[in-house]
Student: 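For reference, the structure I am asking about is given below.
No experiment lies behind these values; they were computed from the predicted model shown. Nothing fancy with the numbering, it's 1 onward along the sequence.
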Amino acid sequence: MESTRVDRWLWAVRLTKTRTDAAAACRGGHVRVNGKPAKPATTVTPGDEVKARVGTTTRVVEVVRVIQKRVGAPDAVTCYIDRTPKPPPEALIPVATRDRGTGRPTKRDRRVLDKFRGGNR
């Protein structure tokens with residue numbers, strides 16, 4: 001077996017939870033094989049680069065071995081080389097954030113924010 005469908009391979013190596021999710025990602029334009037948009041039936045072979053947006057992260061992997069059946073996690077990791085770039089470092093300066101849905105800041109909150117920002121507003 002030298003090639004398989006990209007949706008089946010994504011599911012088999014555990015990059016997506018279900019094959020349906022893999023096919024939906026392909027149809028939604030979230031999967032690219034060798035830089036080209038991939039349909040669910042696009043074939044992958046060893047040496048191909050697969051870029052898939054899974055959830056909020058974009059995974060970039062190189063196909064090492066083609067499998068069609070879902071295998072355990074330790075075996076699945078041997079089927080690809082993860083080339084995903086590291087996420088950018090978090091901001092070194094703390095950023096003041098408010099919880100969503102708390103409404104407008106009170107007068108006291110505004111004073112604390114202004115003091116934090118270093119302004120005399």
Student: Could you give the distance from CZ (Arg32) to CZ (Arg53), rounded to the nearest 0.5 Å?
Tutor: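 Arg32 CZ to Arg53 CZ: 11.0 Å, rounded to 0.5 Å.
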Student: Do Val33 and Trp11 land in one hydrophobic cluster if side-chain heavy atoms of ILVMFWY residues count as linked below 4.5 Å?
Tutor: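 No.
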Student: May I ask you to decide if Ala76's main-chain N or O and Arg65's side chain share a donor-acceptor pair within less than 3.5 Å?
Tutor: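 A pair under 3.5 Å: no.
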Student: Side chains of Val60 and Pro85: closer than 4.5 Å at any heavy-atom pair?
Tutor: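 Yes, their side chains come closer than 4.5 Å.
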Student: Roughly how far, to the nearest 0.5 Å, is the OG1 atom of Thr57 from the CG atom of Leu15?
Tutor: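 The OG1 atom of Thr57 is 9.5 Å from CG of Leu15, to the nearest 0.5 Å.
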Student: Hey, could you give me the OG1/CD distance between Thr43 and Glu2, rounded to the nearest 0.5 Å?
Tutor: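 The distance works out to 11.0 Å.
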Student: With heavy-atom distances below 4.5 Å as the criterion, would you say the side chains of Tyr80 and Val50 are in contact?
Tutor: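 A side-chain contact under 4.5 Å is absent here.
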Student: Say you draw a straight line from OG1 of Thr45 to CG of Asn34; how long is it, rounded to the nearest 0.5 Å?
Tutor: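 Thr45 atom OG1 to Asn34 atom CG measures 7.5 Å (nearest 0.5 Å).
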Student: Take Val44 and Thr4 through the test side chain to side chain contact (heavy atoms under 4.5 Å, CB included) and record every step on the way to the result.
Tutor: CA-CA 6 Å; Val44 291; Thr4 188; 4.0 Å; yes
Student: Indicate yes or no for a side-chain donor-acceptor contact from Arg59 to the backbone of Asp82 under 3.5 Å, with no hydrogens or angles considered.
Tutor: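 Here the side-chain-to-backbone pair does not exist.
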Student: Which residue in the set Arg27, Lys39, Arg19 passes salt bridge (Lys or Arg N to Asp or Glu O under 4.0 Å) when paired with Asp7?
Tutor: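 Of the listed residues Arg27, Lys39, Arg19, the salt bridge (Lys or Arg N to Asp or Glu O under 4.0 Å) partner of Asp7 is Arg19.
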Student: Check whether any side-chain heavy atom of Ile67 lies under 4.5 Å from a side-chain heavy atom of Val13, and answer yes or no.
Tutor: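 In contact.
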Student: As an exercise, state the distance from CZ of Arg111 to CG of Asp109, rounded to the nearest 0.5 Å.
Tutor: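 Answer for the CZ-CG pair, Arg111 versus Asp109, is 11.0 Å.
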Student: Using side chain to side chain contact (heavy atoms under 4.5 Å, CB included), reason through Cys26 and Thr42 one step at a time and then give a plain yes or no.
Tutor: CA-CA 9 Å; Cys26 292; Thr42 302; over 6 Å; no
Student: Roughly how far, to the nearest 0.5 Å, is the CZ atom of Arg83 from the NZ atom of Lys51?
Tutor: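 Going from NZ on Lys51 over to CZ on Arg83, the span is 13.0 Å.
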